[in-house]
Amino acid sequence: MAGTLYIVATPIGNLDDMPPRVAATFGAADFIAAEDTRVTMKLLNFLGLKKPMVSYYEHALQKGEGILRRIEEGENCALCSDAGMPCVSDPGEVIVRDALARGIKVVPVPAASACVTALAVSGQDTSRWVFEGFLPVNKKQKRERLAELQGEKRTVIFYEAPHKLRTTLDDLTAAFGPERSITLCRELTKLHEEIWKTTLGEAQTHYAENDPRGEYVLVMAGAPAAEAEEELTLEQAAQRALELTRNGYAASAAAKAAAQGTPYSKSKVYKQLLALQAD
């Protein structure tokens, strides 16, 4: 009889947040699939447990086949990421998808989640939100992703590492304007936890002068209803696209972003943009 794949959430920073069921699941599992075995070893030491582990980090997902075979042979596996709920912005999602396709039972063992924790204390609208996770590293792909979010009315949540924060704030400010509200949640549940609700412009200025430290969750307000529904002329839409090109957007991506929320097609805005650039 096949075993079970348990998707086990772990504390996002404070080990005192460990739910009893999480500890019990680790204790009962035959083996653990960890994003980083070194990080999970610290967790197991805290719990006083010793368990065989296998890594499933992004560049070793071929091990997913071995994990699934062991479960099919009757072993129970506890899959965890370094912190929070696994399989969300995490390569474990591939293992879960393959497990379900093979008829393996998948059981969630929930606990803290950084995105929901940040949303709850952000002071932004929590009724409707969209999770974007980490933005693409590739500059072109990143601009295209942000262009797709132009006119998005729901609260938007991003994850970001400290060494990329300044660049991301520059890109967000260029895409959504310096007045857009954002809450920066740093080191959630840890000793130096910080929650700062401000604007993109103020955050950009602050971190130009101060080094970012720790992992960040960025909770950005959606487009104001008036802004999203504003009736622009074709000339105004093209002017908006022109500003985006000055901030590094390709003309096609800028036209697509500027056309959203307007009655004009991307091609119409694009043609008008070319006319402005020719002047």
Side-chain angles (χ1 to χ4, degrees), residues 1-13 15 17-118 130-138 141-142 144-145 157-161 163-164 188 215-217:
M1 182 178 177
T4 299
L5 174 61
Y6 293 94
I7 305 304
V8 185
T10 55
I12 60 177
L15 291 177
D17 292 336
M18 180 83 68
R21 187 180 171 212
V22 167
T25 303
F26 279 130
D30 295 299
F31 73 103
I32 294 172
E35 178 184 4
D36 187 328
T37 55
R38 296 166 298 180
V39 174
T40 303
M41 179 62 73
K42 295 177 183 178
L43 186 65
L44 295 180
N45 289 339
F46 176 79
L47 295 172
L49 297 172
K50 290 185 178 181
K51 290 286 176 178
M53 286 192 286
V54 61
S55 174
Y56 71 87
Y57 64 92
E58 185 176 5
H59 300 295
L61 276 179
Q62 68 273 17
K63 292 187 178 180
E65 176 63 24
I67 291 170
L68 296 176
R69 284 182 181 175
R70 291 178 66 173
I71 297 171
E72 287 176 329
E73 291 169 1
E75 294 187 75
N76 292 318
C77 173
L79 184 147
C80 65
S81 62
D82 291 348
M85 196 69 191
C87 311
V88 178
S89 280
D90 173 77
E93 68 172 300
V94 177
I95 297 176
V96 170
R97 183 168 62 243
D98 292 346
L100 292 172
R102 292 162 74 150
I104 292 173
K105 184 178 181 181
V106 179
V107 174
V109 183
S113 171
C115 65
V116 175
T117 301
V130 57
F131 177 70
E132 285 291 321
F134 291 100
L135 288 167
V137 175
N138 179 276
Q141 293 176 350
K142 190 176 188 180
E144 289 175 350
R145 178 75 62 82
I157 301 176
F158 304 97
Y159 284 165
E160 196 50 275
H163 65 284
K164 296 179 182 176
L188 284 169
E215 300 298 320
Y216 288 80
V217 182

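Since the model is a prediction, treat every value here as computed from it, not as a measurement.
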For I12 and A114 the tightest heavy-atom approach is CG2-N, 4.0 Å

Checking side chain to side chain contact (heavy atoms under 4.5 Å, CB included) for the pair Y56/E35: CA distance, chi angles, key distance, verdict? CA-CA 5 Å; Y56 71 87; E35 178 184 4; 3.8 Å; yes

Step-by-step side chain to side chain contact (heavy atoms under 4.5 Å, CB included) determination, M85 to D90: CA-CA 9 Å; M85 196 69 191; D90 173 77; over 6 Å; no

To the nearest 0.5 Å, tell me how far T10 OG1 sits from D17 CG. 10.5 Å

4.5 Å side-chain heavy-atom contact, C87 and L79: yes

State the CZ-CD distance between R102 and E72, to the nearest 0.5 angstrom. 4.0 Å

Crowding at CE, M53 (>12 non-hydrogen neighbours, <6.0 Å): yes

Any idea which heavy atoms bring E75 and F31 closest together, and the distance? OE1-CD2, 3.7 Å

Any K42 side-chain heavy atom under 4.5 Å of R38 side chain: no

Say you draw a straight line from OG1 of T40 to CD1 of I32; how long is it, rounded to the nearest 0.5 Å? 7.0 Å

Look only at the side chain of K51 and the backbone of L44, and say whether a donor-acceptor pair between them is shorter than 3.5 Å. no

Flag the pair V109 / F26 as yes when at least one side-chain heavy-atom distance between them is below 4.5 Å, and no otherwise. no

Looking at every non-hydrogen atom in both residues, tell me the closest pair between A161 and E215 and how far apart they are. CA-OE1, 3.7 Å

Is the shortest side-chain heavy-atom distance between L43 and M18 below 4.5 Å? yes

Closest approach of L49 to A23 (non-hydrogen atoms, all atoms of both residues): CD1-O, 4.2 Å

Scanning both residues in full, the closest heavy-atom pair of C80 with P86 reads CA-CG, 3.8 Å

Distance, nearest 0.5 Å, that separates CG of L5 from CD1 of I104: 7.0 Å

Ring centres under 6.0 angstrom apart (Y216, F158): no

Between V106 and V96, the two heavy atoms sitting closest are CG1-CG1, 4.4 Å

N76 side chain vs T4 backbone, donor-acceptor pair below 3.5 Å: yes

If I take atom CD from residue E93 and atom CD1 from residue I7, how far apart are they, to the nearest 0.5 angstrom? 11.5 Å

Chi angles and distances behind the salt bridge (Lys or Arg N to Asp or Glu O under 4.0 Å) call for E65, R69: CA-CA 6 Å; E65 176 63 24; R69 284 182 181 175; 2.8 Å; yes

I would like to know whether D30 and R70 meet side chain to side chain contact (heavy atoms under 4.5 Å, CB included); could you show each step before the answer? CA-CA 10 Å; D30 295 299; R70 291 178 66 173; 5.9 Å; no

Does V137 reach the side chain of K164, with side-chain heavy atoms less than 4.5 Å apart? yes

Quick one: does T117's side chain get under 4.5 Å of V217's, heavy atoms only? no

Derivation and outcome, side chain to side chain contact (heavy atoms under 4.5 Å, CB included), residues V54 and C77: CA-CA 10 Å; V54 61; C77 173; over 6 Å; no

